[in-house]
Undergrad: 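Quick one: the structure is below, questions incoming.
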2 protein chains.
Amino acid sequence: MALLSKSCLYGLRTAIYCAHQSGNGYIPISEIAKELEIPADFLTKILQKLTRKKIMSSLRGVKGGIKLGKSSEKISLYDIVQAIDGETIFRKCFLDLEGCGEETPCPFHESWKSYRTDLGNMLKNTSLSYLIENRKYARLK
Amino acid sequence: MALLSKSCLYGLRTAIYCAHQSGNGYIPISEIAKELEIPADFLTKILQKLTRKKIMSSLRGVKGGIKLGKSSEKISLYDIVQAIDGETIFRKCFLDLEGCGEETPCPFHESWKSYRTDLGNMLKNTSLSYLIENRKYARLK
DNA sequence: TTAATTTCGGATAAAAGAGTCTTTAATTCT
DNA sequence: AGAATTAAAGACTCTTTTATCCGAAATTAA
């Protein structure tokens, strides 16, 4: 298993890639797909989830493609994960028990809760711009 | 997505359940399955992975079933996760990039590394006995 | 020894996630 | 207006995970 779905990872990598591109123009999905070695048709579908949530914006036609829907400072990794994989990761009980909560905690409730919250906060506090500025390498494939 | 596979969660819940049972006898898998609302045939298969690693021990026949393979102090959650889902969770890059490492880190390398290590340590430091002793409720379904 | 019970092992089925393909709609350029 | 390009949308296939089924092997009890 992995924490995030493959779709989500593709979406994250694409967003980071777009944030890294200097210009403000649309980039064809096929170009990104080739660059990041992601199946193009599949990526198209995934990015639709991000455009519907205004995280990205798309344009059809000759000079069309995809780009960030707002400035990279305003997009957090949490936004992207939430848009593609939903919020269950950040809510769900470690043991996947429906009724687990403060009143009827599962055996692992306490230790997992803080950990899960930390993860959510870490993703919320990491914007695309921060990521671009504070890394040494651009490795995205 | 979830951090752990369903198989792994079933395995964890069963192990905790067994640790909670006072006696030292074998418990039929069908009984556990019914109690924890897990498909019995599926659970049988999952538990085989744990018995092969001596985390649990099993016995066929009339008074047979399954029980912990050693004392609950000596079984950590890490052992169980590792036996069922493997170690990839604790090693893999956040963005699932093959070549990500210290030399060629992915954009998320640093922040994820410590987090992943913490999770591993948390699971290593949590034994079944600790879990049984330090919880208020027994909720496992 | 026979009957009952229970795990083991392999085959198969169902469900979910990942990936492909084709057609349509929007946009640009000539 | 017409041709070329590119995302959107839906149907379909492939793979992995989850779940079911059945016969065989081991163990207990009478």
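Order of the sequence lines sets the chain letters (A, B, ...), proteins ahead of strands, with each chain counted from 1. Since we're looking at a predicted model, the values are computed, not measured.
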Undergrad: Taking NZ from B/K49 and P from C/dC8, how many angstroms apart are they, rounded to a whole number?
TA: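 Going from B/K49 (NZ) to C/dC8 (P), I get 14 Å.
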Undergrad: Would you say B/D79's side chain and B/S76's backbone share a donor-acceptor pair under 3.5 angstrom?
TA: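 Indeed, once roles are kept as given, a pair shorter than 3.5 Å links the two residues.
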Undergrad: Rounded off to whole Å, could you give me the CD1-to-P distance for the B/I32 and C/dT6 pair?
TA: 12 Å
Undergrad: For D/dA8, does the base pair up with any side-chain atom of A/R60 as donor and acceptor (N or O, under 3.5 Å, distance only)?
TA: no
Undergrad: When you check the phosphate oxygens OP1 and OP2 of D/dT18, does a side-chain N or O of B/S7 lie under 4.0 Å from one of them?
TA: yes
Undergrad: What's the CD1-C1' distance between A/I66 and D/dA8, to the nearest Å?
TA: 11 Å
Undergrad: State whether A/K63 places a side-chain N or O below 4.0 Å from either non-bridging phosphate oxygen (OP1 or OP2) of D/dT5.
TA: no
Undergrad: State, with a plain yes or no, whether a side-chain heavy atom of B/H109 is found less than 4.5 Å away from one of B/F94.
TA: no
Undergrad: Out of C/dT7, C/dG9, C/dC8, which nucleotide sits closest to the side chain of B/T51?
TA: C/dC8
Undergrad: Relative to the 5' end of DNA chain C, which residue comes earlier, B/L47 or A/A40, by the nucleotide with the nearest heavy atom?
TA: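 Nearest nucleotide further toward 5': that of B/L47.
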Undergrad: Could you check whether B/L59 gets within reach of a base, just the sugar-phosphate, or nothing at all, counting any heavy atom under 4.0 Å?
TA: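 Touches sugar-phosphate only.
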Undergrad: Using whole Å, what does the distance between atom C1' of nucleotide D/dT17 and atom NZ of B/K45 come to?
TA: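 Rounded to whole Å, this separation is 14 Å.
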Undergrad: Expressed as a whole number of angstroms, how long is the span from B/D41:CG to C/dT6:P?
TA: 14 Å
Undergrad: Please figure out whether A/S30 or B/F42 has its closest DNA chain D nucleotide nearer the 5' end.
TA: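 The residue whose closest nucleotide sits nearer the 5' end is A/S30.
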Undergrad: With a cut-off of less than 4.0 Å, is there a side-chain N or O of B/Y10 near OP1 or OP2 of D/dA19?
TA: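 Checking B/Y10 against D/dA19: at least one side-chain N or O falls below 4.0 Å of OP1 or OP2.
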Undergrad: Report yes if some heavy atom in the side chain of A/L3 is under 4.5 Å from a heavy atom in the side chain of A/L119; otherwise report no.
TA: yes
Undergrad: Quick check: do A/L131 and A/I16 have side-chain heavy atoms less than 4.5 Å from each other?
TA: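 The answer is yes; the side chains approach within 4.5 Å.
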Undergrad: A/K67 NZ to C/dT27 P: how many Å, rounded?
TA: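 After rounding, the gap between these two atoms is 14 Å.
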Undergrad: To the nearest Å, how far apart are B/M56 CE and C/dC8 C1'?
TA: 16 Å
Undergrad: Can you tell me the distance, in whole Å, between the CD atom of B/Q48 and the P atom of C/dT6?
TA: 17 Å
Undergrad: Indicate yes or no: does A/E98 engage A/K92 in a salt bridge with an N to O separation below 4.0 Å.
TA: no
Undergrad: Nearest to the A/V62 side chain among C/dC29, D/dT20, D/dA8, which nucleotide is it?
TA: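 The nucleotide sitting nearest to the side chain is C/dC29.
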Undergrad: Checking contacts here: which listed nucleotide (D/dA7, D/dT20, C/dC8) is nearest the side-chain heavy atoms of B/S58?
TA: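 Closest nucleotide to the B/S58 side chain: C/dC8.
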Undergrad: Is there a donor and acceptor pair closer than 3.5 Å between the side chain of A/K6 and the base of C/dG19?
TA: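 Donor-acceptor pair under 3.5 Å: no.
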